Amino acid sequence: MSAPASQPEAPAVVVHGLQRRYGERTVIGGLDLRIARGEFVALLGESGCGKTTLLRALAGLDAIDGGRIDGPRQPAVVFQEHRLLPWDSLWRNVSLGLDEATGKALAQAALAEVGLGDRLDDWPRNLSGGQAQRVALARALVREPRLLLLDEPFAALDALTRIRMHGLVNELVRRHRPGVLLVTHDVDEAVALADRVLVMRDGAIASEYAVSPEANARRTHPDATALREALLAELGVAADSVPA
């Protein structure tokens with residue numbers, strides 16, 4: 001007798017015909033999106049195109065006016081600001097909302113994953129910007145989320161810290177396998193991190209690009225260069241006007 005076929009893994013999130021309006025203005029109209037478990041999707045677009053509105057809808061922070069979102073009720077979110085509670089220790093920030101009996105052990109494991117396992121009883125005021133964002137990542141991943149939403153979490157970091165954070169996020173995503181949606185204005189960041197890059201325009205997904213592992217790994221690879229140029233063109237920016 002042959003073994004029963006394994007059940008296909010449920011996606012991290014599926015969006016059907018999403019609509020979001022502010023008064024008479026339609027910000028998102030009829031948007032469809034599917035993100036698989038373990039898939040890293042980057043979302044680019046000009047300011048005001050609807051990127052943050054989409055992320056807030058997926059996070060359950062904003063109501064929607066039409067369509068359907070099939071995904072977790074409370075996905076994990078990491079914002080540009082770390083949003084740590086200054087009056088709580090790092091482990092209490094990470095375990096926020098968890099049962100205290102198990103929360104500290106889970107927080108310790110999560111902080112160890114981001115390289116801060118020896119700082120459990122430290123305070124947010126003693127952290128650098130990169131360290132604070134690592135704690136924010138630990139807090140997001142401690143519950144093993146199905147969907148991780150990243151709202152420009154590296155924008156305020158210096159270039160070297162940003163590169164280190166990219167490596168850390170890649171490792172954590174491989175280990176925990178959430179579906180990821182990264183909202184960013186940084187084309188190079190999108191190419192370095194994502195399996196797929198979406199360009200949003202006027203409240204809809206205007207185009208989609210697959211990213212090769214070679215483009216992820218090396219910025220100077222021809223795949224990365226070609227994709228970077230295509231994305232900049234989509235965004236109305238001449239490639240030779242952006243520093244290489």
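Keep in mind the model is a prediction, meaning the values are calculated, not measured. Any value given below was found using the heavy atoms of this structure, including those in side chains, with hydrogens, waters and symmetry copies removed.
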For the side chain of Arg162 and the backbone of Leu157, is there at least one donor-acceptor N/O pair under 3.5 Å apart?
yes
Looking only at atom types and distance, does a side-chain atom of Lys51 sit under 3.5 Å from a main-chain N or O of Gly45, one as donor and one as acceptor?
yes
Would you tell me whether Glu152 and Thr184 have side-chain atoms, one donor and one acceptor, within less than 3.5 Å of each other?
no
Taking Gln133 for the side chain and Pro153 for the main chain, is one N or O donor matched with an acceptor at less than 3.5 Å?
yes
Is a donor from one side chain sitting under 3.5 angstrom from an acceptor on the other, for Asp223 and Ser212?
yes
Evaluate the criterion side-chain contact (heavy atoms from CB on, under 4.5 Å) for residue pair Leu33 and Val14; output intermediate values, then yes/no.
CA-CA 6 Å; Leu33 175 66; Val14 182; over 6 Å; no
According to a hydrophobic-cluster definition based on side-chain heavy atoms being under 4.5 Å apart (Ile, Leu, Val, Met, Phe, Trp, Tyr only), do Leu150 and Val114 belong together?
yes
With a cut-off of 6.0 Å (strictly less than), are more than 12 heavy atoms of other residues, nucleotides or ligands near CG of Asp32?
yes
Glu39 side chain to Ala36 main-chain N or O, any donor-acceptor pair under 3.5 Å?
yes
How about Leu55 and Thr53: do any of their side-chain heavy atoms sit closer than 4.5 Å?
no
Give the cluster check for Leu147 versus Ile28: same hydrophobic cluster or not, with ILVMFWY residues linked at side-chain heavy-atom distances below 4.5 Å.
yes
Evaluate the side-chain proximity of Pro124 to Leu90: yes if any heavy-atom separation is below 4.5 Å, no if none is.
yes
Hey, does Leu137 have a side-chain heavy atom less than 4.5 Å from the side chain of Val169?
yes
Residues pairing under ring pair (Phe, Tyr, Trp, His ring centres under 6.0 Å) where one sits in residues 167-217, two or more places apart or in two chains, turn out to be none
Pairwise side-chain contact, Ile205 with Leu31, heavy-atom cut-off 4.5 Å (strictly under)
yes
Is there a donor-acceptor pair closer than 3.5 Å between any side-chain N or O of Asn93 and the backbone N or O of Leu85?
yes
Out of Leu181, Val77, Val180, which residue meets the side-chain contact (heavy atoms from CB on, under 4.5 Å) rule with Leu148?
Val180
Is it the case that the side chain of Thr26 and the backbone of Gly29 share a donor-acceptor pair, with hydrogens and angles ignored and the cut-off at 3.5 Å?
no
Polar side-chain atom of Asp151 near backbone of Leu182 as donor-acceptor pair, under 3.5 Å:
no
With no hydrogens and no angle check, is any side-chain donor or acceptor of Asp62 less than 3.5 Å from a backbone partner on Ala57?
no
Quick one: are Asn216 and Val211 in side-chain contact, heavy atoms under 4.5 Å?
yes
Keeping the roles fixed (side chain from Asp195, backbone from Phe40), state whether a donor-acceptor pair exists under 3.5 Å.
yes
So, are Arg218 and Glu214 salt-bridged, with charged N and O less than 4.0 Å apart?
no
I want to check something: taking the side chain as every heavy atom from C-beta on, are Leu231 and Val187 in contact at a cut-off of under 4.5 Å?
yes
Looking at Glu46 and Arg201, is there a salt bridge between them, counting it only when a charged N and a carboxylate O are closer than 4.0 Å?
no
Hey, are the side chains of His82 and Arg139 touching, using non-hydrogen atoms and a 4.5 Å cut-off?
no
Would you compute the distance between atom NE2 of His166 and atom CZ of Phe154 and round it to the nearest 0.5 angstrom?
5.0 Å
Tyr22 ring centre to Arg25 NZ or CZ under 6.0 Å, with the angle to the axis within 45°?
no
Is it possible for you to say whether Leu141 and Trp91 belong to one hydrophobic cluster, with membership spreading through side-chain heavy-atom contacts below 4.5 Å?
yes
If you define the side chain from C-beta out and look only at heavy atoms, does anything of Glu229 sit under 4.5 Å from Thr225?
yes
Check whether Arg20 reaches the backbone of Ala63 with its side chain - one donor and one acceptor, N or O, closer than 3.5 Å.
yes
